[in-house]
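Computation of the quantities below employed the complete heavy-atom set of this structure, encompassing side-chain atoms and omitting hydrogens, waters and symmetry-equivalent molecules.
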Amino acid sequence: MIPTDREADPTALGNGRRPTFTFDAIGTRWSIETDSPLDADLRRELCRRIEDFDAVYSRFRPDSLIARIAAAPAGGRFTFPEDSRSLFGLYDRLAEVTDGAVDPLVGRDLELLGYDSTYTLTPAPAPVRARHARTRPSWRTDVAPGRHHAHHPPPPRDRRRRGGQGPPGRPRDGAPA
C-alpha cells in the first residue's frame, strides 16, 4: 500500500532519529530518512511515482503489467513505459558482465521457494522446482536486447504458465532480485 498524504506522518522519526517517510511498495516496506521532513508536495510526487512503478513492475499486485504478462498463456507483446529503457539497459549490462548470473527474471523462482504474494514461505515440491529449472526463461535468451518493451515468448506446451520474473521486460511476473 502506498501511503496517501494523510497516512504519511512527516514528523515520524526513524531509527537514526531523523525524519522518516515510510511506505509499502513492490512487496516490501520502504523508509526514506532525511535531514528535514519532506514537504507535502514532494511526498505526493514520491507516492505518485511509486504507484506508477508498482502498477507496472510489482509481482505482488494482480493488476500490474507484470501480472498480466505472467497470466498470458501464449506469450505476447507488451508495452512498457518509456522510462523502462534505462532500467532494461542496466539489466542488459548486468546480465552481460555476470555471464547471466544476475537475471531479473527470478520472480517465479522466488515464488517456488515460498516468497510469493501471500508469503507462504513454503517451497514448492522438488519436482515442480526441477521442472521449472529445466524450462526457466532467462533475460539473455528470452528478452531481446534492444527490443525490451515488446517480446515475450509463449510458454512450452507441456507447462502451465511460468510466472514471476522481476521488473522491466520480465517476460512474466516479477521484481528485481
Side-chain angles (χ1 to χ4, degrees), residues 1-2 23-31 49-177:
M1 175 194 112
I2 310 293
F23 54 91
D24 294 326
I26 61 170
T28 193
R29 173 142 301 212
W30 297 83
S31 293
R49 180 64 180 114
I50 292 163
E51 174 60 27
D52 290 350
F53 186 90
D54 211 51
V56 173
Y57 303 117
S58 179
R59 65 187 184 90
F60 297 96
R61 283 179 57 159
D63 63 337
S64 74
L65 175 59
I66 294 302
R68 291 194 311 270
I69 292 170
R77 297 180 80 71
F78 302 90
T79 302
F80 284 84
E82 185 63 31
D83 63 1
S84 68
R85 289 179 184 261
S86 61
L87 187 56
F88 293 166
L90 173 62
Y91 291 156
D92 288 343
R93 184 75 179 124
L94 290 171
E96 177 186 326
V97 300
T98 65
D99 196 29
V102 173
D103 190 326
L105 308 186
V106 299
R108 181 69 179 144
D109 301 82
L110 295 172
E111 287 175 4
L112 293 175
L113 292 171
Y115 183 48
D116 52 29
S117 62
T118 59
Y119 300 103
T120 62
L121 304 179
T122 303
V128 172
R129 294 191 320 267
R131 183 172 52 247
H132 173 69
R134 287 190 304 274
T135 58
R136 184 194 186 286
S138 79
W139 183 260
R140 295 191 321 168
T141 60
D142 293 312
V143 178
R147 302 183 332 161
H148 306 108
H149 54 286
H151 181 67
H152 172 54
R157 284 183 221 213
D158 64 340
R159 208 168 118 221
R160 290 184 287 210
R161 70 177 237 235
R162 290 190 273 205
Q165 283 125 24
R170 298 132 213 264
R172 292 284 172 167
D173 96 6

Residue pair R140, D99: steps toward the salt bridge (charged side-chain N to carboxylate O under 4.0 Å, His left out) verdict: CA-CA 9 Å; R140 295 191 321 168; D99 196 29; 3.2 Å; yes

Please name all residues satisfying side chain to side chain donor-acceptor pair (under 3.5 Å) with S117, sequence neighbours left out, ordered by chain then number. none

Check whether R108 reaches the backbone of A70 with its side chain - one donor and one acceptor, N or O, closer than 3.5 Å. no

Ignoring hydrogens and geometry, is there a side-chain-to-backbone donor-acceptor pair from S64 to F60 under 3.5 Å? no

Gap separating the [atom1] atom of [X] from the [atom2] atom of [Y], nearest 0.5 angstrom:
| X | Y | atom1 | atom2 | value |
| --- | --- | --- | --- | --- |
| D52 | Y57 | CG | OH | 10.5 Å |
| D54 | L65 | CG | CG | 12.5 Å |
| L87 | L90 | CG | CG | 6.0 Å |
| E96 | R93 | CD | CZ | 5.0 Å |
| D142 | R136 | CG | CZ | 9.0 Å |

Hey, does [Y] have a side-chain heavy atom less than 4.5 Å from the side chain of [X]?
| X | Y | result |
| --- | --- | --- |
| R68 | P62 | no |
| D83 | R49 | yes |
| R59 | Y115 | yes |

Going by side chain to side chain contact (heavy atoms under 4.5 Å, CB included), name the residues that satisfy it together with T120, two or more places apart in sequence or in a different chain. D116, T118, T122

Ring-plane angle category for Y91 and W139, please: parallel below 30°, perpendicular beyond 60°, tilted otherwise. perpendicular

Could you walk me through whether I66 and R61 satisfy the side-chain contact (heavy atoms from CB on, under 4.5 Å) test, starting with their C-alpha distance in whole Å, then the side-chain angles of each, then the deciding distance to 0.1 Å, before giving a yes or no? CA-CA 9 Å; I66 294 302; R61 283 179 57 159; over 6 Å; no

